[in-house]
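Here the structure comes first, spelled out in structure tokens, and everything after it is commentary.
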There are 2 protein chains.
Amino acid sequence: MAAPSEPITRAKPAKRVSIREIARQAGVSTATVSMVLNDNPKITQATREKVRKVIDRAGYQPNRIAQSLSGKYTRVLGVLLPTLRHALADPYFGELISGICDRAARLGHKVTLESAKPDFIREKKHLELFDRRFVDGVLCIGFNDRHVFLKDFAKAGHPMVVVNNQFDSWGVDQVVCDYRSGTDQVMTYLQQLGHTKIGLIHGSPDVFTSRVIIDVFKHRTPELDDTFLEDGHFTEEHGIAATHALLERHPDLTAIFAGNDKMALGAMRALSLRGIKVPEQISVVGFDDIPYSKFVTPALTTVHLPFYEAGDLACERLIQRIRGKNDRINETLSTHLVLRESTGIVPRA
Amino acid sequence: MAAPSEPITRAKPAKRVSIREIARQAGVSTATVSMVLNDNPKITQATREKVRKVIDRAGYQPNRIAQSLSGKYTRVLGVLLPTLRHALADPYFGELISGICDRAARLGHKVTLESAKPDFIREKKHLELFDRRFVDGVLCIGFNDRHVFLKDFAKAGHPMVVVNNQFDSWGVDQVVCDYRSGTDQVMTYLQQLGHTKIGLIHGSPDVFTSRVIIDVFKHRTPELDDTFLEDGHFTEEHGIAATHALLERHPDLTAIFAGNDKMALGAMRALSLRGIKVPEQISVVGFDDIPYSKFVTPALTTVHLPFYEAGDLACERLIQRIRGKNDRINETLSTHLVLRESTGIVPRA
DNA sequence: CTGAAAGCGCTTACAG
DNA sequence: CTGAAAGCGCTTACAG
């Protein structure tokens with residue numbers, strides 16, 4: 001009457017073998033084993049093989065806590081986010097973090113997640129990350145100019161790179177997507193379609209990239225005043241509200257450009273509630289190219305940002321910096337427009 | 001001619017003070033400092049204060065690498081995910097991980113992210129996590145019955161809890177949302193509205209929770225055969241395809257129930273492409289209550305799953321288990337229906 | 001209640 | 001090219 005599938009018996013974790021035991025079995029010193037482990041070229045091929053054999057047989061794995069204590073590195077990278085909850089629920093951050101983690105894994109590093117809430121900063125936990133040797137370096141995502149604590153890392157000489165945001169005057173290491181070019185492409189496209197009355201729903205101007213979008217937009221539409229702009233705070237909710245506000249002021253709008261896809265989705269929602277057809281009556285353009293943007297009706301025209309690649313590159317550069325490279329990191333990744341269904345030629349009056 | 005904003009000068013990281021230095025300054029032994037640090041009750045109030053003062057003045061922070069090497073714990077938890085990229089771009093995982101990270105931080109633990117790709121498993125990296133002392137325990141998210149490697153942790157005696165999936169026959173520790181009750185609520189509601197021709201777009205049946213939904217659905221609609229079911233593989237794309245397939249077979253369908261919101265969103269997209277009105281002609285119900293579901297038009301009726309709470313609870317329980325608690329972890333969190341706009345009374349024929 | 005000593009498991013000069 | 005020894009910065013029995 002055996003149960004159809006045996007529950008697993010929980011064993012006591014086995015005692016791990018140490019480097020000393022390997023040294024003993026191989027008849028060498030622990031120094032030699034250590035050097036074999038670290039591919040130190042001083043070791044002869046012969047002893048290298050002899051020691052490897054013992055290591056493999058014993059299934060020995062070096063304790064990385066001990067390695068970190070003796071050595072210089074923890075081989076752990078921190079990812080700092082403002083609020084974890086919304087950040088992680090967001091495809092934008094998801095791509096960024098995936099890029100970081102994949103690259104880190106390939107370069108033999110672990111990644112730890114940290115949410116930099118106000119009290120985290122107040123208690124200087126961001127510096128504790130280094131002082132207590134939790135990490136060798138950090139990547140910062142989703143912060144803005146008001147987050148002055150970001151300067152602390154450089155001041156203290158700790159490797160840190162900002163991903164997909166800019167703090168040019170701070171002289172901080174950064175990897176960003178080209179928001180300027182992306183915005184330029186959108187404006188060119190909308191103007192080619194004949195649109196002149198265009199509303200902009202931008203993200204919070206605390207964020208440098210939002211300011212870039214606003215800046216380019218204004219340059220490309222000198223005839224439009226600030227009543228054509230509205231803050232959508234990066235969210236669907238505010239995207240909806242912003243759309244209503246814009247349309248109250250300018251019922252003759254023929255296009256809405258949003259600083260991210262979530263706000264664009266909010267705009268489409270608002271337009272649909274108002275019985276306005278997209279793109280027949282109003283065109284909508286987003287920014288980011290999150291997965292959902294393909295699945296809404298009409299599918300959203302937007303700018304593709306290489307978030308995964310940005311995370312990947314930032315991580316690679318950070319590790320180089322940890323290893324002693326000293327040039328300032330300041331990379332820009334190119335972006336491109338993705339045409340879908342939410343945009344069309346301007347309707348005739 | 002000073003620059004408007006000085007770029008930061010990158011300092012050399014300062015030399016950290018050690019416990020020995022604190023001991024010297026306080027005129028006690030390192031053992032005493034250590035005991036003060038760990039709130040050991042053996043220490044007198046007087047010496048405790050004396051030592052604390054020196055610690056504060058020096059801004060001393062214990063090196064946690066050294067602490068881990070001497071002590072029993074690393075105070076690091078691993079979060080294991082199948083594929084990072086899609087997982088993190090998904091609100092479902094985002095909530096789960098936020099719940100885990102927040103709780104971990106409150107209990108003084110760090111969280112490291114690990115993507116369990118096929119070669120990760122093949123190279124036994126999941127056990128290396130423990131063998132090399134990267135973590136004290138792991139939380140597993142998004143796996144299914146084919147991921148037999150999950151048994152390895154329990155076999156080796158390593159603390160592991162599965163979050164929001166079930167492996168009942170494996171006897172593994174788990175924290176899950178109540179899919180059974182959620183599905184039951186959906187079926188009751190749809191049947192109250194008069195629907196009898198209901199199509200089910202379920203997630204992959206490898207996943208236990210998908211099987212629960214299928215099981216309840218069949219029990220509640222004994223008159224419907226398997227042609228009313230279609231696999232939507234948890235994605236929007238397949239949700240679209242599944243909807244078309246279902247409607248080809250049953251043009252008289254009046255309701256579609258999807259095993260997650262993404263597939264439900266796909267269904268709405270497909271219906272819209274076919275010119276079918278939701279909910280006037282067909283009602284749509286999702287599962288998960290991801291943020292987007294409120295912002296589509298019509299807003300999606302769905303089942304709310306407490307993902308954040310599941311992550312939080314799983315993390316708390318895992319830490320208890322690490323600390324020596326030995327009871328099997330098997331918790332279920334309740335779910336509830338959220339009525340929005342995508343459902344309505346059955347249309348008369 | 002506190003101190004001296006050993007030990008955690010590695011790496012890294014330094015001899016030879 | 002390899003070994004003996006010191007050291008990384010803590011914690012934990014063990015004396016006293």
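Every chain is numbered from 1, with letters handed out A, B, ... down the list of sequences. These numbers come from the heavy atoms of this one structure, side chains and all, not from hydrogens, waters or symmetry mates.
- Here D:dC10 presents its P atom at 12 Å from CZ of A:F134, a figure rounded to the nearest Å.
- Checked by atom type, the side-chain pair A:Q174/A:D168 shows a donor-acceptor distance below 3.5 Å.
- Less than 6.0 angstrom separates the ring centroid of B:H158 from the ring centroid of B:F130.
- Checking D:dC10, C:dT2, C:dC10 against the side-chain heavy atoms of B:Y60 singles out D:dC10 as nearest.
- A straight line from CG of B:N40 to P of D:dT11 spans 11 Å, rounded to a whole angstrom.
- When heavy atoms are screened at a 4.0 angstrom cut-off, A:V33 is found touching no nucleic acid atom at all.
- Distances shown here put every side-chain N or O of B:S70 at or beyond 4.0 Å from the OP1 or OP2 atom of D:dC10.
- Counting atom types as modelled, B:T30 pairs no side-chain N or O with a base atom of C:dG3 as donor and acceptor under 3.5 Å.
- Seen from the ring of B:F134, A:R75 does not count as a face-on cation partner, given the 6.0 Å and 45° thresholds.
- For B:R20, the CZ atom sits in a loose shell: 12 or fewer heavy atoms of surrounding residues, nucleotides or ligands are nearer than 6.0 Å.
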### Task
Can you run through DNA chain C from 5' to 3' and write each base as (, ), [, ], | or . depending on how it pairs? Watson-Crick or G-U wobble, both distances under 3.5 Å.
|||.||||||||.|||
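- The closest donor-acceptor contact from the side chain of A:N38 to the backbone of A:S34 lies under 3.5 Å.
- Here the nucleotide nearest the side chain of A:A66, chosen from D:dG9, C:dC10, C:dT11, is C:dC10.
- Side-chain proximity of B:Q67 to the nucleotides D:dG7, D:dG9, D:dT11 is greatest for D:dT11.
- Here the nucleotide nearest the side chain of B:L69, chosen from D:dG3, D:dC10, C:dC8, is C:dC8.
- The phosphate of C:dG3 has OP1 or OP2 within less than 4.0 Å of a side-chain N or O from B:S29.
- Rounding to whole angstrom units, CG of residue A:D131 and P of D:dG9 are separated by 13 Å.
- If A:M35 and B:G27 are placed on DNA chain C by their nearest nucleotide, the residue sitting closer to the 5' end is B:G27.
- As rounded to whole Å, 7 Å separates atom P of D:dT12 from atom CG of B:N38.
- Atom pair A:I65:CD1 and C:dG7:C1' shows a separation of 16 Å (rounding to whole Å applied).
- For the OP1/OP2 pair of D:dC8 and a distance below 4.0 Å, the side-chain nitrogens and oxygens of B:N63 include no atom meeting the criterion.
- Spacing between atom CZ of B:R64 and atom C1' of D:dG9 amounts to 13 Å, rounded to whole angstrom units.
- With 3.5 Å as the limit, one finds a donor-acceptor pair spanning the side chains of A:R132 and B:Q67.
- When atom types are taken as modelled, the side chain of B:D173 and the backbone of B:V162 share no donor-acceptor pair closer than 3.5 angstrom.
- The main-chain N or O of A:T47 is never found under 3.5 Å from a side-chain atom of A:T44 such that the two would form a donor-acceptor pair.
- Atom pair B:R133:CZ and D:dT11:P shows a separation of 13 Å (rounding to whole Å applied).
- B:R323 forms a cation-pi arrangement with B:Y73, by the criterion of a distance under 6.0 Å to the ring centre and an angle within 45° of the ring axis.
- The side chain of B:T32 lies closest to C:dG3, out of C:dC8, C:dG3, C:dG9.
- Between B:F307 and B:F93, the ring centre distance reaches or exceeds 6.0 Å.
- Here C:dA4 presents its P atom at 14 Å from CD1 of B:I19, a figure rounded to the nearest Å.
- Comparing C:dC10, D:dT11, D:dG9 by their closest approach to the side chain of B:R20 singles out D:dG9.
- For DNA chain C, no neighbouring residue in residues 42-51 of chain A is found when judged by any heavy atom under 4.0 Å.
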